Amino acid sequence: MSTLRIATWNINSLRLRLKLLPGLIEQLRPDVICLQETKVPDELFPMAEVQALGFAHVLHWGMKGYNGVAILSRLPLRRLDAPDWCAKGDCRHISAEIEGGVSIHNFYVPAGGDVADRTVNEKFGHKLDFIAQARAHFAANRPTRSVLVGDLNIAPLEHDVWSHKQLLDVVSHTPVETEGLLAWQAEGWHDALRQFVPLHEKLYTWWSYRNRDWRASNRGRRLDHVWTTPDLTALSHEILVDARDWEQTSDHVPVCVEVRG
DNA sequence: ATGGTAGGTCTCCTA
């Protein structure tokens, strides 16, 4: 029985924010870091720089301009097969088994565009199809000894957003999305962060760039998640809110959970 | 009610 500290961060360009990773590592002391929106093609991945931070074992799947996911680990990794969600070849999911037998799924779910209506916004349809396929996948492949993390781009619970009422028709908090996400979660997963933070307490991991003073307005949403299977025990959690004030930072903040594997 | 910012990149797309 050992413990594993797993961090997740939508870094919104790995190359631009490489210099912020030492701060994350110092504060969260992760064994594994899952990144989303790396925005770097595989052939340009900054492998030497990442390994110099103490993470010798790295898996990445990136493309030009958009998306991109990576897993950085102090422990050896074995890459696991992942479906081609919606047959788009998008770099939105990467999966690995960590030495010791815990599996990691790192997801970047489509944001879904601005209009919450799939008949006029195909990006919203893509998002709904993606979460439906993810649900079906885990229903058919029930996870064990696994942790699912990432930017799921949905804030499922009332206090995962600054105003439940005002966001009910805003993409990320519409009923069709939140119900879809909770149905996916119900296929074998527990919401690790909400095991630590009561349902009536506000909990955010993202604040828009479009606020002059994100902390004063505090119009946040919980878009980033850590789920665990019931055969693992989540021991603690940390939301690195201060990272939102780092120089030239992401609009998401890092989240870390320690599990007993 | 509106617009606000950021990153990557053949100038607008995505978030």
Side-chain angles (χ1 to χ4, degrees), chain A residues 8-21 23-24 34-46 49-50 60-70 85-86 88-93 106-118 120-131 149-156 160-163 165-174 176-178 180-181 204-225 240-255:
Chain A
T8 178
W9 193 24
N10 178 322
I11 195 169
N12 188 14
S13 175
L14 172 59
R15 286 174 290 180
L16 191 69
R17 299 190 219 288
L18 255 176
K19 58 184 177 297
L20 300 183
L21 282 176
L24 182 158
C34 295
L35 300 173
Q36 304 87 37
E37 282 205 272
T38 54
K39 295 184 176 178
V40 57
D42 287 328
E43 62 274 19
L44 296 178
F45 190 91
E49 292 89 333
V50 164
H60 53 81
W61 191 35
M63 57 197 282
K64 189 175 173 183
Y66 311 99
N67 305 331
V69 284
W85 306 102
C86 303
K88 284 180 174 286
D90 275 355
C91 303
R92 294 184 176 275
H93 174 216
N106 177 15
F107 274 97
Y108 175 53
V109 170
D114 289 330
V115 182
D117 178 352
R118 68 178 307 154
V120 296
N121 171 18
E122 65 182 30
K123 286 189 271 188
F124 194 69
H126 176 211
K127 182 178 198 175
L128 297 181
D129 291 345
F130 190 104
I131 60 178
V149 306
D151 176 6
L152 305 186
N153 265 317
I154 296 172
D160 291 341
V161 293
W162 63 276
S163 170
K165 267 182 134 171
Q166 286 177 257
L167 289 174
L168 270 173
D169 57 358
V170 173
V171 173
S172 74
H173 194 61
T174 64
V176 65
E177 292 170 87
T178 59
L181 190 74
Y204 311 140
T205 65
W206 173 88
W207 291 262
S208 173
Y209 283 125
R210 301 176 190 178
N211 285 317
R212 292 247 171 259
D213 185 337
W214 70 274
R215 206 186 276 274
S217 57
N218 199 24
R219 295 185 167 190
R221 304 179 203 170
R222 183 169 70 118
L223 302 181
D224 303 276
H225 297 269
L240 194 47
V241 173
D242 289 349
R244 190 62 182 76
D245 274 333
W246 287 347
E247 189 77 18
Q248 205 175 24
T249 196
S250 171
D251 46 355
H252 296 252
V253 298
V255 174

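Naming convention: chains lettered A, B, ... in sequence-line order (proteins, then strands); numbering from 1 in each chain. Treat the numbers as computed from the prediction; the structure is a model and nothing was measured.
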> Given W162(A) and N218(A), is the side-chain contact (heavy atoms from CB on, under 4.5 Å) satisfied, shown in steps?
Replying inline: CA-CA 7 Å; W162(A) 63 276; N218(A) 199 24; over 6 Å; no
> What is the minimum heavy-atom distance between G112(A) and N121(A), and which atoms define it?
Replying inline: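 Reported closest heavy-atom pair: O-ND2, 2.9 Å.
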>> Looking at every non-hydrogen atom in both residues, tell me the closest pair between D169(A) and T174(A) and how far apart they are.
In response: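 Where D169(A) meets T174(A) most closely, the heavy atoms are C-CG2, 3.9 Å.
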For [N] versus [M], give the span between their [atom1] atoms, rounded off to a whole number of Å.
| N | M | atom1 | result |
| --- | --- | --- | --- |
| dC10(B) | dG3(B) | C1' | 28 Å |
| dT14(B) | dT9(B) | C1' | 11 Å |
| dT2(B) | dC13(B) | P | 22 Å |
| dT11(B) | dA6(B) | C1' | 16 Å |

> Which class fits the ring pair F107(A) and F130(A): parallel under 30°, tilted 30 to 60°, perpendicular over 60°?
Replying inline: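 F107(A) and F130(A): perpendicular rings.
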>> Given dG7(B), dT5(B), dA15(B), identify the nucleotide with an atom nearest to the side chain of K123(A).
In response: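 The answer is dA15(B), which lies nearest to the side chain.
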>> Base, sugar-phosphate or nothing for R92(A)? Non-hydrogen atoms, less than 4.0 Å.
In response: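 Answer is sugar-phosphate: R92(A) comes under 4.0 Å of backbone atoms only.
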> Base, sugar-phosphate, or nothing for R17(A), non-hydrogen atoms under 4.0 angstrom?
Replying inline: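 Since only primed, P, OP1 and OP2 atoms lie under 4.0 Å of R17(A), the category is sugar-phosphate.
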>> For L223(A) and V109(A): C-alpha separation, side-chain torsions, deciding distance, then whether side-chain contact (heavy atoms from CB on, under 4.5 Å) applies.
In response: CA-CA 10 Å; L223(A) 302 181; V109(A) 170; over 6 Å; no
> For DNA chain B, what is the dot-bracket line, given that a base pair needs Watson-Crick (N1 to N3, plus N6-O4 or O6-N4) or G-U wobble (N1-O2 and O6-N3) geometry with both distances under 3.5 Å, and | means paired with another strand?
Replying inline: ....(((.....)))
>> My understanding is that only one of R118(A), R221(A), K127(A) makes a salt bridge (Lys or Arg N to Asp or Glu O under 4.0 Å) with E177(A); could you say which?
In response: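 Considering R118(A), R221(A), K127(A), a salt bridge (Lys or Arg N to Asp or Glu O under 4.0 Å) with E177(A) is found only for K127(A).
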>> Please check this pair: side chain of T249(A) against backbone of D245(A), looking for a donor-acceptor N/O pair closer than 3.5 Å.
In response: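 Such a contact is absent between T249(A) side chain and D245(A) backbone.
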> Under the side-chain contact (heavy atoms from CB on, under 4.5 Å) test, which residues partner V241(A), sequence neighbours left out?
Replying inline: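 Residues passing side-chain contact (heavy atoms from CB on, under 4.5 Å) with V241(A): W207(A), W214(A), R215(A), I239(A).
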> Of N10(A), N106(A), D151(A), N12(A), which is the lone residue that meets side chain to side chain donor-acceptor pair (under 3.5 Å) with Q36(A)?
Replying inline: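 When N10(A), N106(A), D151(A), N12(A) are each tested with Q36(A), the side chain to side chain donor-acceptor pair (under 3.5 Å) holds only for N106(A).
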Between protein and nucleic acid, restricted to nucleotides 9-12 of chain B and to nitrogen or oxygen atoms under 3.5 Å apart, what atom pairs and distances do you find?
unit_1, atom_1, unit_2, atom_2, d
dT9(B), OP1, G65(A), N, 3.2

>> Below the 4.0 Å mark, does dA6(B) have OP1 or OP2 next to a side-chain nitrogen or oxygen of R210(A)?
In response: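 Answer is no, no contact under 4.0 Å.
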